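The next block holds one structure in the form of structure tokens; read it before the comments.
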Number of protein chains: 2
Amino acid sequence: MRKKPRYKMGDLQLRIMQVLWDASPATVAQVHEALGAKSGLAYTTIATMLRKMEDRGLVAHETADRRFVYQALVSESEVSRGMANDVLERLFEGSLPNLVSHLLRSREVSPEELDRLQELIAQKRRAK
Amino acid sequence: MRKKPRYKMGDLQLRIMQVLWDASPATVAQVHEALGAKSGLAYTTIATMLRKMEDRGLVAHETADRRFVYQALVSESEVSRGMANDVLERLFEGSLPNLVSHLLRSREVSPEELDRLQELIAQKRRAK
DNA sequence: TCGCCAAAACTACCTTGGTAGTATTACCCT
DNA sequence: AGGGTAATACTACCAAGGTAGTTTTGGCGA
């Protein structure tokens, strides 16, 4: 059986996933294109990475027209949840307020963001 | 010169840092003790790891009484900030509300936590 | 049919984290 | 002084992420 693919991944892998998340099935060339511009990575680097990611169950490919078309197997949502929860557990004792408190102290937060946060809380409260 | 130590670290490294954060200067044995109980790691594993971490500038040691006494060089705060901001930037476009929204949807949040969150927002608003 | 070309396959190498065995050292006790 | 012992130093390995060159393959156009 397919084991749960670890949401944990490196930087390049995440960048690749992001490409796949918004340009759903994509060829190696397309992924390379989407990243390569600024990153200056070789085509083969992307191809190798995609193959490794397929081994880990993060993506899958099918062949079309003699070239591989890759597709994400894990959703952005799962990965985000995984990584966010990970930080939460590893550093903030699983407490969302602890995390938020830290972040409010250490970064700029616009009034609009505060509004949105407040709205989110209120909403959650209502949903309870 | 000593370059900015990357807050990014693996699991064991973080666990070791956590020990150092709350038992400030500690010998290898003490760190091992603090972790070893459940983890079953070899003494030398901890020693090796600490040496590697010293190379990366995460910790420093001095010798006392023929053994190394280690001390964290980066604060929990810095590391937390670093890792939290990292997730924020990499996955939530740097938007705290996006992160919170995601987390509120994907995990249990007690009423007390909601209270605390609300309080944090209000407080931040006042401080503005 | 033959060769070119693009894409995939294979191979290789480096770094870092993790894990630990073995060797060395140095102090202290008898 | 000699030996034991506890700590560090050294060495080795493995896995995964990252990076990319080289080889193979297969289809297509001349």
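Since the model is a prediction, treat every value here as computed from it, not as a measurement. Just so we're on the same page: letters track the sequence lines, and every chain starts at 1.
- For the pair A:D11 CG and D:dA16 P, the interatomic distance rounds to 19 Å; values are reported in whole Å.
- Of all nucleotides listed (D:dG21, D:dT8, C:dA9), D:dG21 comes nearest to the side chain of A:T48.
- One atom, CG of A:L50, and another, C1' of D:dA20, lie 15 Å apart when rounded to the nearest Å.
- Rounded to whole Å, the distance from OH on B:Y70 to C1' on D:dA7 is 11 Å.
- Residue B:M49 has its side chain nearest to C:dT19 when only C:dT19, C:dC27, D:dT19 are considered.
- Of the candidates C:dT19, D:dG18, D:dA20, the closest approach to any side-chain atom of A:L12 belongs to D:dG18.
- Using a 4.0 Å cut-off between charged nitrogen and carboxylate oxygen, A:D115 and B:R125 count as a salt-bridge pair.
- Between A:T44 and A:D65, the residue anchored nearer the 5' end of DNA chain D, judged by the nucleotide with its closest heavy atom, is A:T44.
- Within 4.0 Å (heavy atoms only), B:A42 reaches sugar-phosphate atoms of the nucleic acid but no base atom.
- Comparing C:dG18, D:dG26, D:dA9 by their closest approach to the side chain of A:R66 singles out D:dG26.
- Looking at the side chain of B:R56, the nearest of the listed nucleotides D:dT19, C:dG17, D:dT8 is C:dG17.
- Neither B:V69 nor B:W21 shares a network with the other; the hydrophobic side chains, linked directly or stepwise wherever heavy atoms of I, L, V, M, F, W or Y lie under 4.5 Å apart, form separate groups for each.
- Between C:dA6 and A:Y43, no contact under 4.0 Å exists linking OP1 or OP2 to a side-chain N or O.
- A:R51 has its CZ atom 13 Å from the C1' atom of C:dA12, to the nearest Å.
- Going from atom NZ of B:K52 over to atom P of D:dC10 covers 14 Å, rounded to whole Å.
- Listed nucleotides D:dA7, C:dA7, D:dG18 differ in distance to A:Q13; the shortest reach to its side chain belongs to D:dG18.
- A salt bridge links A:R107 and B:E89; the closest N-O separation between the charged side-chain nitrogens and carboxylate oxygens is under 4.0 Å.
- Distance CG (B:L41) to P (C:dT19): 5 Å, rounded to an integer number of Å.
- Using a 4.0 Å heavy-atom criterion, one finds that A:T27 contacts no nucleic acid atom at all.
- Here C:dG17 presents its P atom at 10 Å from CG of B:D55, a figure rounded to the nearest Å.
- Of the possible polar contacts, none joining the B:D86 side chain to the B:G82 backbone as a donor-acceptor pair under 3.5 Å is found.
- Using a distance-only test at 3.5 Å, with no hydrogens or angles considered, no donor-acceptor pair links the side chain of A:E76 to the main chain of A:Q18.
- Separating the NE2 atom of A:H61 from the P atom of C:dA8 is a distance of 8 Å, rounded to the nearest angstrom.
- In the set C:dA8, C:dA20, D:dA20, C:dA8 carries the atom at the smallest distance from any side-chain atom of A:F68.
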